Protein chains: 2
Amino acid sequence: MYIEVGFVLLEYTLDREAVATIDRSSYEPAYAQLVRILLGQIATGIFRPGDRLPSESQLCAHYGVSPMTVRRVINILVDQGVVIAEQGRGTFVKPLELGTATFDLGQLQQLFHEEESAVKLLEAHITSATGRAARKLAVEVGARLVFIRRLILHSEKPVLLHREYVIYDPTRPLIEAEMEVTALRGLFNGGVGSDLKWADLTVEATALTEEEAALLQSEAGVPAFQLEHTFYDFDGRPVSWGWFICSSDHLHFTATIGVPD
Amino acid sequence: MYIEVGFVLLEYTLDREAVATIDRSSYEPAYAQLVRILLGQIATGIFRPGDRLPSESQLCAHYGVSPMTVRRVINILVDQGVVIAEQGRGTFVKPLELGTATFDLGQLQQLFHEEESAVKLLEAHITSATGRAARKLAVEVGARLVFIRRLILHSEKPVLLHREYVIYDPTRPLIEAEMEVTALRGLFNGGVGSDLKWADLTVEATALTEEEAALLQSEAGVPAFQLEHTFYDFDGRPVSWGWFICSSDHLHFTATIGVPD
DNA sequence: AAACCCCACTTCTATATACAAGTGTATAAC
DNA sequence: GTTATACACTTGTATATAGAAGTGGGGTTT
């Protein structure tokens, strides 16, 4: 039994020496190659969760790169959450943690990116702030707001409904820009101008109302995501508050933890 | 007009020189201090989206640190998504992009972390693979699976419902561990053993069924999140497939883009 | 037996240096 | 006037080196 284990380890060691070398003539930088190599070895199971990676000096000697380059590689793996480095002890492969999973809006972004998408302005007029909008935008009840309603179509089918309240300020050119039907696309793929500082986002589960279902060509009660957003300017004041509605059929968030093949 | 602009720029420059210096006697490393300083200047609006940061050599001279240290700082800011570096042109503050927002399971994790949480095993028995479970786990219909149903309580109130199918394999100790009611907590906060390689996660919106509502002390039709998960071993074979159900009242995902105060 | 110190090993910070590679402008050649 | 070249400036990669700081084991002293 012990011998068999030893054999397996030996085989792995041979594989590692045979397969993994840095190609100095490649366009891929040495540090990127080493990241790829180590990730591959973790993915293959040569290094398993809890295992200690070779020390930095060992990696230097083995791959023929300088200490700083190895350092950089380790830092990248730490940032990716694949390994954890403990000063004085070593660098260890992290076990799976559900809590570290992160979801992004890539899928939602795709709805805008492609050419098949269009934004249709349903409504845009000046209104008075009600309780909830006034609270979210930190203005007095009755203050003037611009209410915007948009429908985002993909392949000529409605998939996203957007409602937004923007603080009415004639001096701010933002409003004109926001009214542009193409502004939403810019919101996702960069370039909202330079007068927005940060945004808070919240995702909740909800069910389509009759009105939403009619617009989205769906049925009332269908499960949907509600992505709420609040934008702030550089004075820390909220500028706009709104939310997207999307039925769960058209959108789901995905994430991967660990190192897939 | 031109003079006023010039004055504003001058003021900013003075502020920057006066406020921001590196304290070499601090425990906080120089690179971390510089990251903090630059982030603060971006947050304050000294550098706004689209603006070019000072070049690396300028930062070196200004803060009295070596080029490599500045390099490291810029890399950190790039990794954080706050700036974008373009070779030959400069480093620029990124505008807000909705699409780059990422959500994590921190809130969900908290439900397990605290002492007030408990896991209650509702059901655990061997069953036969049906169409969907068999497809997800890549086994033949009729193969033996372990079906587990758990209820996660927080402050003695049920908040999470978990259902899971695990491939039945008497040689694998995983099953025994999975049956432990405390295993779930470990799943979130690290240490699932070393025999799981990676996991796929999906979040969808759904509505509580009658059965789920009864268990969660809620009502049927209430909007809820469904977090589906599939774990794979080092052979790339699925090991377990299941999903959490949580009403949207108890959980919502949050994210922030840009640099908040 | 217990406490202490030293040493080898690990990761971490920081510097100085060199060259590669992309960008844009100003100048020279045509 | 147009094109081509050279140059200054930018970020990107890689190396060599020094010391700081944390860990753990072995040996000595108490």
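Small disclaimer: the values here were computed from a predicted structure and weren't measured. Residue numbering restarts at 1 for every chain, and letters A, B, ... go by the order of the sequence lines.
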Between A:H162 and A:F244, what is the ring plane arrangement, given parallel below 30°, perpendicular above 60°, and tilted in between?
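Correct class here is parallel.
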Does B:Y31 put a side-chain nitrogen or oxygen below 4.0 Å from OP1 or OP2 of C:dA14?
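No, outside the criterion.
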Value in whole Å for how far the P atom of C:dT11 lies from CD1 of A:I84
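Those two atoms, CD1 and P, are 13 Å apart.
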Proximity to the side chain of B:R71 - top-ranked nucleotide from D:dT11, C:dT13, D:dA14
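So the nucleotide nearest the side chain must be D:dT11.
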B:A85 side chain: which of C:dT15, D:dG12, C:dT17 is closest?
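Nearest nucleotide to the side chain: D:dG12.
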Rounded to whole Å, please give me the gap between CG in B:L59 and C1' in C:dT15.
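So the CG-C1' distance, B:L59 to C:dT15, works out to 17 Å.
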Between B:R89 and C:dG24, is there a side-chain N or O to OP1/OP2 distance below 4.0 Å?
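It does, given that an N or O in the side chain of B:R89 lies less than 4.0 Å from OP1 or OP2 of C:dG24.
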Please compare A:G90 and B:T69 by the position of their nearest nucleotide in DNA chain C and report the one closer to 5'.
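Looking at DNA chain C, the more 5' nearest nucleotide goes with A:G90.
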Go through A:Y63 and A:V70 one step at a time and tell me if the side chain to side chain contact (heavy atoms under 4.5 Å, CB included) criterion holds.
CA-CA 9 Å; A:Y63 293 101; A:V70 167; over 6 Å; no
I'd like to check A:V73 versus A:I37 (side-chain heavy atoms, cut-off strictly below 4.5 Å). Are they in contact?
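No, their side chains stay 4.5 Å or more apart.
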Is the phosphate of D:dC9, meaning OP1 or OP2, less than 4.0 Å from a side-chain N or O of B:S57?
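The answer is no; no side-chain N or O of B:S57 sits under 4.0 Å from OP1 or OP2.
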B:Y232 vs B:W198 aromatic rings, parallel, tilted or perpendicular, using cut-offs 30° and 60°?
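Ring orientation, 0 to 90° scale: parallel.
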Determine whether a donor-acceptor pair (N or O, by modelled atom type, separation under 3.5 Å) exists between the side chain of B:E164 and the backbone of B:S240.
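No; zero donor-acceptor contacts below 3.5 Å.
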Compare the minimum distances between each of D:dA14, D:dT11, C:dT11 and the side chain of B:T91, then state the nucleotide with the smallest one.
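That would be D:dT11.
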Looking only at side-chain atoms of A:M68, point me to the closest of C:dT11, D:dA14, C:dA14.
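Between C:dT11, D:dA14, C:dA14, the one nearest the side chain of A:M68 would be C:dA14.
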Toward the 5' end of DNA chain C, by each residue's nearest nucleotide, A:Y27 or A:L53:
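Looking at DNA chain C, the more 5' nearest nucleotide goes with A:L53.
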Among C:dA14, D:dG12, C:dT11, which nucleotide has an atom closest to any side-chain atom of B:A30?
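The closest nucleotide is C:dA14.
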For the side chain of A:R72, counting heavy atoms from C-beta on, which of C:dT13, D:dT13, D:dA14 is nearest?
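Nearest to the side-chain atoms of A:R72, counting from C-beta on, is D:dT13.
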Measuring from the side chain of B:P29 (C-beta onward, heavy atoms only), which nucleotide among C:dT13, C:dT11, C:dT15 has the closest atom?
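For the B:P29 side chain, the nearest candidate turns out to be C:dT13.
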Report yes if at least one side-chain N or O of A:S55 is closer than 4.0 Å to OP1 or OP2 of C:dC9; otherwise report no.
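For A:S55, the contact criterion (side-chain N or O under 4.0 Å from OP1 or OP2 of C:dC9) is not met.
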